[in-house]
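Structure first, commentary second.
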There are 2 protein chains.
Amino acid sequence: MNELQSSAAIDKYAASCTNCVLPGLCLRSGMPPEDVERLDRLVYTRRNVKQGKDLYRAGDPFSAIYAIRSGFFKSELVLQDGRSQIMGFHMPGEVLGMDGINAGAFACNAVALEDAEVCVIPLSRFEEISHGFFGVAHLLHQIMSREIVREQRMMALLGSNAAEARLAAFLVDLAERFSARGEATSDLKLPMIRKDIGSFLGLKLETVSRLFSKLRDEKLIEVRKKRIRILDMAGLKQLL
Amino acid sequence: MNELQSSAAIDKYAASCTNCVLPGLCLRSGMPPEDVERLDRLVYTRRNVKQGKDLYRAGDPFSAIYAIRSGFFKSELVLQDGRSQIMGFHMPGEVLGMDGINAGAFACNAVALEDAEVCVIPLSRFEEISHGFFGVAHLLHQIMSREIVREQRMMALLGSNAAEARLAAFLVDLAERFSARGEATSDLKLPMIRKDIGSFLGLKLETVSRLFSKLRDEKLIEVRKKRIRILDMAGLKQLL
DNA sequence: CGAACACTTGATGGTCCTCAAGTCGAGTGG
DNA sequence: CCACTCGACTTGAGGACCATCAAGTGTTCG
């Protein structure tokens with residue numbers, strides 16, 4: 001529906017990868033400048049998503065992938081019985097929507113945890129252009145493969161049975177992803193609620209809360225609602 | 001190292017997607033005939049892997065992806081402390097090695113559970129050819145996306161806390177994959193040991209054994225060692 | 001035939017879930 | 001501004017489920 005906006009609006013939100021504020025992340029990471037310029041041609045528009053609204057829902061036809069410019073997202077899988085399972089949290093510089101390529105429809109809901117902005121990369125353009133555009137094709141493969149590896153690590157985490165280790169791994173992972181974006185690595189703002197953390201880690205929200213308290217008692221972190229401060233990163237990593 | 005074999009051996013094992021026995025699966029699923037012929041040019045050789053041997057190991061340079069012609073594989077992630085986590089089981093018609101694209105090295109060990117044969121699709125060729133070969137590029141994207149979705153479903157399974165449901169889902173998934181290959185859907189030969197099933201599902205081998213016995217007592221399956229017969233598929237699905 | 005491995009089954013204990021009560025903070029309307 | 005409400009979070013008590021430890025059977029292979 002956003003593709004239907006007026007051309008004035010398109011101009012207003014016209015994206016420019018060349019001038020993108022994201023520091024060498026997103027789709028253009030490691031790209032030579034001439035490729036970044038060509039990448040510009042793939043990106044028609046940006047799109048704003050209000051907190052709590054979704055970027056896409058499971059079953060929506062797969063029409064684009066999205067690069068996050070600002071704001072956190074969660075992706076959730078809704079099961080037949082109505083319960084939902086959090087599949088991951090996504091921060092600026094990361095790419096959303098790769099799960100839609102297979103069936104031609106998105107497999108998850110992508111919900112904004114804060115007011116957010118994304119770059120829209122329409123499907124129609126991207127396979128067409130990457131066809132004659134070697135850098136993009138390889139980059140796309142890398143991003144998809146990274147997604148596969150990320151999920152493999154997550155499966156390994158869920159398979160390991162220590163709840164405390166899972167939460168520690170969750171915090172370490174977030175800290176490293178913040179750090180890769182040049183942000184503070186010890187002072188984390190977690191925009192997601194305890195229930196979603198629990199769903200992601202295969203735990204109940206009460207367990208998550210108890211474990212935060214436990215890590216606090218062990219002097220590994222400080223907890224103030226959604227602000228988590230890491231006091232002893234080495235100690236956290238030792239729990240894995 | 002297999003790429004170094006004599007040209008006679010190469011001829012002997014020369015693959016032909018056109019004549020492949022796999023019924024519309026593997027890489028060529030849904031491809032127009034002229035594309036299948038072009039696909040032939042990507043596939044240099046086949047390679048045999050003896051039971052218990054590995055096709056590749058974590059850290060090996062990513063030099064090819066592999067389409068399984070015969071035999072089961074498991075992929076395992078070895079953690080720092082030496083314990084290993086099973087990431088998945090793979091049957092003929094499926095593709096192995098997608099996790100290597102990202103870092104340029106494989107992330108998992110791929111181990112043959114039976115004597116097996118794979119088609120080797122060298123990296124050097126495939127990105128080069130898919131560059132000027134639209135059908136392959138799209139197909140590759142689909143296969144990678146399918147892998148992402150498969151792992152998402154697996155994560156959802158591990159997040160749900162019912163051990164019996166996990167094992168039931170495992171059996172249903174296997175039955176459906178056999179069925180997609182035109183094989184018997186109720187009489188399954190599981191080439192993997194209980195310990196690996198447990199690792200995959202986040203359970204201990206004793207629990208897996210107990211759950212097989214429980215499903216047997218509930219008249220949902222018959223258990224004879226590695227042969228599992230599904231007596232009540234609807235009943236199994238109801239456990240999810 | 002012996003040894004190593006795969007598997008099954010039992011007893012016990014720990015971890016995490018369930019149910020429940022209560023605090024804190026944000027947002028709303030009187 | 002305060003009372004109210006609602007959602008997010010914390011903490012406690014009890015119990016279910018699965019892991020652990022252990023013993024024993026069956027199978028494979030040199």
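Hydrogens, waters and symmetry mates play no part in the numbers below; they use all other heavy atoms, side chains included. Residue numbers begin at 1 in each chain, while the letters A, B, ... track the order of the sequences. Just so it is clear, the model here is predicted, and its values are computed rather than measured.
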Using the test side chain to side chain donor-acceptor pair (under 3.5 Å), find all partners of [X] that sit at least two apart in sequence or belong to another chain.
| X | answer |
| --- | --- |
| A/Glu206 | none |
| B/Ser213 | B/Arg216 |
| B/Ser75 | B/His90 |

Treating [X] as the side-chain partner and [Y] as the backbone partner, does any N or O pair qualify as donor plus acceptor under 3.5 Å?
| X | Y | answer |
| --- | --- | --- |
| B/Glu117 | B/Asn48 | no |
| B/Glu94 | B/Met91 | yes |
| A/Asp99 | A/Ala107 | yes |

(request) For DNA chain D, determine which residues of residues 199-208 of chain B have any heavy atom closer than 4.0 angstrom to one of its atoms, and list them numerically. (result) B/Gly202, B/Leu203, B/Lys204, B/Glu206, B/Thr207
(request) Would you please name every residue forming a side-chain contact (heavy atoms from CB on, under 4.5 Å) with B/Ser84, sequence neighbours left out? (result) B/Glu76, B/Val78
(message) Suppose we screen for side-chain contact (heavy atoms from CB on, under 4.5 Å). Which residues come up paired with B/Ala163, at least two apart in sequence or across chains?
(response) B/Leu203, B/Leu211
(message) Contact between A/Met98 and A/Ile101 at the side-chain level, heavy atoms closer than 4.5 Å - yes or no?
(response) yes
(message) Contact between A/Leu220 and A/Leu239 at the side-chain level, heavy atoms closer than 4.5 Å - yes or no?
(response) yes
(request) Would you indicate, yes or no, if C/dG25 has its OP1 or OP2 atom less than 4.0 angstrom from a side-chain nitrogen or oxygen of A/Lys226? (result) no
(message) Using a 4.0 Å cut-off on heavy atoms, which residues in residues 210-221 of chain A reach DNA chain C? List them by number, or say none.
(response) A/Arg210
Pairs under 3.5 angstrom only: tabulate donor-acceptor contacts from the side chains of residues 182-202 of chain B to other protein residues two or more places apart or in another chain.
unit_1, atom_1, unit_2, atom_2, d
B/Arg194, NH2, B/Lys225, O, 2.9
B/Asp196, OD2, B/Lys74, NZ, 2.8
B/Ser199, OG, B/Ile86, N, 2.9

(message) If I take atom CZ in residue A/Arg224 and atom P in nucleotide C/dA26, what distance separates them, rounded to the nearest angstrom?
(response) 13 Å
(request) Quickly work out the B/Met192 CE to C/dC7 P distance and round it to whole Å. (result) 11 Å
(request) Would you work out how much the helix from C/dC1-D/dG30 to C/dG30-D/dC1 bends between its ends, with each end axis defined by five base pairs, to 10 degrees? (result) 40°
(request) If a pair satisfies side-chain hydrogen bond (donor to acceptor under 3.5 Å, both in side chains) and one of its residues is in residues 226-240 of chain B, list it, with sequence neighbours excluded. (result) none
Under 3.5 Å, which donor-acceptor pairs link side chains of residues 53-62 of chain A to any protein atom two or more places apart or in another chain?
unit_1, atom_1, unit_2, atom_2, d
A/Asp54, OD2, A/Arg57, NH1, 2.3
A/Tyr56, OH, A/Gly97, N, 3.2
A/Asp60, OD2, A/Arg57, N, 2.9

(request) On DNA chain D, reading 5' to 3', which nucleotide is the first and which the last to sit with an atom under 4.0 Å from a heavy atom of chain A, could you check? (result) D/dC9 to D/dA13
